[in-house]
Amino acid sequence: MSNIDLKEQEIVRRNSLEEIKKLGINPYPAEKFDVNITTSEIKDNYKEDDNKYTDITIAGRIMSRRIMGKASFFELQDHKGKIQVYVNRDVICPDEDKTLYNTVFKKLLDIGDIVGIKGGVFTTKMGEISIKAQELTILSKSLRPLPIVKEKDGKTYDAFSDPELRYRQRYVDLIVNPGVKDVFLKRSKIINTMRNMFNQRGYVEVETPILQPIPGGASARPFITHHNALDIPLYLRIANELYLKRLIVGGFDGVYEFAKDFRNEGMDRTHNPEFTVMEIYVAYKDYKWMMEFTEEMLEKIAIELHGTTKVMIGGNEIDFKAPFRRLSMIDAIKEHTGIDITGMNENQLRDVCKQLDIEVDETFGKGKMIDEIFGEKAEAKMIQPTFITDYPVEMSPLCKKHRDNSELTERFELMVNGKELANAYTELNDPIDQLERFKDQLKLSEKGDDEAMFIDMDFVRALEYGMPPTSGMGIGIDRLTMFMTGQDSIQDVLFFPQMRPEKKVQQDDDSKFIDLGIAPEWVDVVKKLGFLTVNKLKESNPNKLHQDLCGMNKKHKLGLTNPKPEDVKSWIK
RNA sequence: GACCGAGUAGCUCAGUCGGUAGAGCAUCUGCCUUUUAAGCAGAGGGUCCCGAGUUCGAACCUCGGCUCGGUCACCA
């Protein structure tokens with residue numbers, strides 16, 4: 001294999017790999033390696049002069065090395081953390097043969113390699129808890145150099161910080177950047193806390209279709225795909241609401257799903273095309289009950305993660321201690337604009353918008369204008385958790401009308417740090433009203449609103465069989481994780497945020513070059529010089545090309561026989 | 001989609017007025033038996049994002065493109 005297109009450090013490592021094999025050591029052994037302890041267990045439990053850990057087996061990645069003649073230290077990182085390992089030549093090589101230390105450990109191992117260690121725990125003169133290696137086993141050789149991140153007294157040096165590289169190669173980010181893994185462990189804990197709470201109450205975790213013939217349950221542009229066997233279009237779900245409510249019709253009293261949803265819209269710091277939502281539906285409840293349920297849930301999560309209800313989010317201390325403030329949308333607008341819009345008609349609302357300098361369109365109805373006023377003037381000011389209730393009916397086609405006012409709905413959104421976190425309804429279970437609302441959506445769609453909801457007649461049919469009064473709630477798991485872990489970008493709470501695919505440079509196959517008469521061993525050299533396609537090569541200057549090729553041969557000590565100038569000319573003609 | 005910013009060694013970054021491309025860590029060769037952002041001495045490593053233009057000469061100036069980030073727009 002030609003190494004010409006590899007970087008220096010990669011060549012060194014591949015050579016080391018070959019040397020290891022020549023010594024009869026398998027750099028990628030198949031057999032299991034039984035670990036009996038983790039770094040954190042040692043650090044938490046070891047006390048000096050303690051003989052508890054004289055015979056331990058541990059495995060992990062080499063993260064740094066300090067080699068000093070016959071003794072060395074390296075840092076071993078496992079899934080829990082890091083610990084220092086002390087390697088002494090005459091301990092790991094008790095016999096005459098010092099190859100394992102002098103050659104394998106000192107020369108052939110690198111930062112990034114995964115090794116197993118048997119040994120005992122002790123404390124160094126500097127007071128650091130360390131492992132004295134008795135045996136060292138190579139478990140996996142690493143062929144690419146890791147970015148080197150160093151730390152001292154909690155301060156990080158040379159952090160691996162290029163966002164593009166971090167997201168594209170999250171595995172590297174997770175290895176070298178302390179704290180990245182922690183965000184994802186917390187994400188998992190958030191989900192588990194919710195799941196445990198729901199299961200304790202007897203609610204059932206379910207799975208509903210991701211491929212849907214009608215993308216319902218929300219207003220958003222869907223991704224579309226095609227099923228070949230059925231020869232029909234299918235949509236990736238934008239929500240799972242209508243399916244979960246069908247299950248309530250079917251007799252489940254409580255169902256929930258942690259669902260990946262997909263929306264074909266813009267991407268930014270708070271939006272990714274695929275994202276996770278938890279939706280839960282409970283029969284015989286209303287949205288007031290759901291507020292209590294939601295605040296209890298969030299309080300639990302905060303305590304589980306932080307041991308307190310108080311969480312720092314973007315410079316604000318947010319207190320998730322229940323109960324949260326409840327404020328109707330109209331009162332919220334009154335509070336932040338001084339204007340009481342109660343009972344106003346469409347023209348009056350239009351005047352209010354003008355007065356507040358809010359741009360509105362001729363097509364905007366009452367509901368949309370109220371929503372705009374709230375969004376512009378009040379939303380961002382809701383820092384502490386606040387339930388905003390009683391939304392205009394036009395904005396909420398799946399939500400039951402308010403018991404006291406038919407222009408409003410029994411809906412709440414939970415605002416935290418000026419952003420929406422959760423959304424809930426007393427669910428609309430009147431099939432006739434539901435069909436009317438769907439028809440209103442259809443009118444919007446005919447007016448050109450490409451995000452109005454589709455009519456789902458099967459869902460209406462399900463309601464016609466009778467759905468018990470029900471309350472449902474949805475909460476964005478990505479956003480919740482951002483709040484609970486202090487991240488201000490959704491990309492930092494997703495392992496693999498959506499990125500534009502890496503562009504592949506167009507390249508001709510080696511055989512095309514060989515067809516020109518180029519010897520196979522020279523093809524990589526030609527490509528290294530930047531001539532990735534035959535056409536590009538033909539545009540080159542043959543004299544310069546010949547010189548460059550010979551130069552490469554010499555520089556990289558390839559040991560090839562240089563082509564004659566007339567050979568090079570013959571390739572290009 | 002619009003505007004702004006960034007792209008230089010494996011990583012983090014300098015790079016003056018347009019004149020032979022630099023540092024730290026990493027790598028390689030030595031020395032070193034409790035070191036720790038190890039140290040000391042030496043060495044190697046570059047498509048300066050890509051392409052065109054201006055110029056005697058471009059990492060640097062101009063134009064076009066690519067990717068990422070930020071702001072806005074769109075949007076449950």
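Below, all heavy atoms of this structure are taken into account, side chains as well, without hydrogens, waters or symmetry copies.
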Options [options], nucleotide nearest the side-chain atoms of [X]:
X	options	value
A/Glu164	B/rC68, B/rU33, B/rU34	B/rC68
A/Glu8	B/rG44, B/rU34, B/rC28	B/rG44
A/Phe160	B/rC11, B/rA26, B/rU33	B/rC11
A/Glu128	B/rU33, B/rU34, B/rU36	B/rU36
A/Lys150	B/rA37, B/rU35, B/rG10	B/rA37

Just call it for [X]: base, sugar-phosphate, or nothing, with non-hydrogen atoms closer than 4.0 Å on any strand.
X	result
A/Arg237	nothing
A/Ala239	nothing
A/Arg13	nothing
A/Glu151	sugar-phosphate
A/Gln491	sugar-phosphate
A/Leu165	sugar-phosphate
A/Asp162	sugar-phosphate
A/Ser161	sugar-phosphate
A/Arg66	base
A/Lys107	sugar-phosphate

Can a donor-acceptor pair be found between the side chains of A/Asn88 and A/Tyr86 at a distance below 3.5 Å?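 Looking only at side-chain atoms, A/Tyr86 and A/Asn88 do form a donor-acceptor pair, the distance falling under 3.5 Å.
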Can you measure A/Asp268 atom CG to B/rC3 atom P for me and round it to whole angstrom units? 19 Å
Does anything in residues 476-486 of chain A reach RNA chain B, meaning a heavy atom under 4.0 Å, and if so which residues?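 Close to the strand, none.
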Return the set of residues passing salt bridge (charged side-chain N to carboxylate O under 4.0 Å, His left out) with A/Lys152 (not counting sequence neighbours), or none when no residue passes.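 Salt bridge (charged side-chain N to carboxylate O under 4.0 Å, His left out) list for A/Lys152, sorted by chain: empty.
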Axial cation check for A/Phe74 ring with A/Arg65, 6.0 Å and 45° limits: no
Presence of A/Lys7 side-chain N/O under 4.0 Å of B/rC28 phosphate oxygens OP1/OP2: no
A/Arg221 vs B/rC74: side-chain N/O to OP1/OP2 distance below 4.0 Å: no
Do side-chain atoms of A/Asp268 reach the backbone of A/Thr270 as a donor and acceptor pair under 3.5 angstrom?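 Here the side-chain-to-backbone pair exists.
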Give me the distance, rounded to whole Å, that separates B/rC49 from B/rC11 when you measure between the P atoms they each carry. 13 Å
Using atom C1' of each nucleotide, how far apart are B/rG65 and B/rG22 to the nearest Å?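 Per the computed distance, 29 Å lies between those C1' atoms.
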For B/rC3, the Watson-Crick or wobble counterpart (both distances under 3.5 Å):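 Per the H-bond distance test, B/rG70.
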Do the side chains of [X] and [Y] get close enough for a salt bridge, i.e. N-O under 4.0 angstrom?
X	Y	result
A/Lys7	A/Glu10	no
A/Arg237	A/Glu257	yes
A/Glu18	A/Arg14	no
A/Arg61	A/Asp78	no

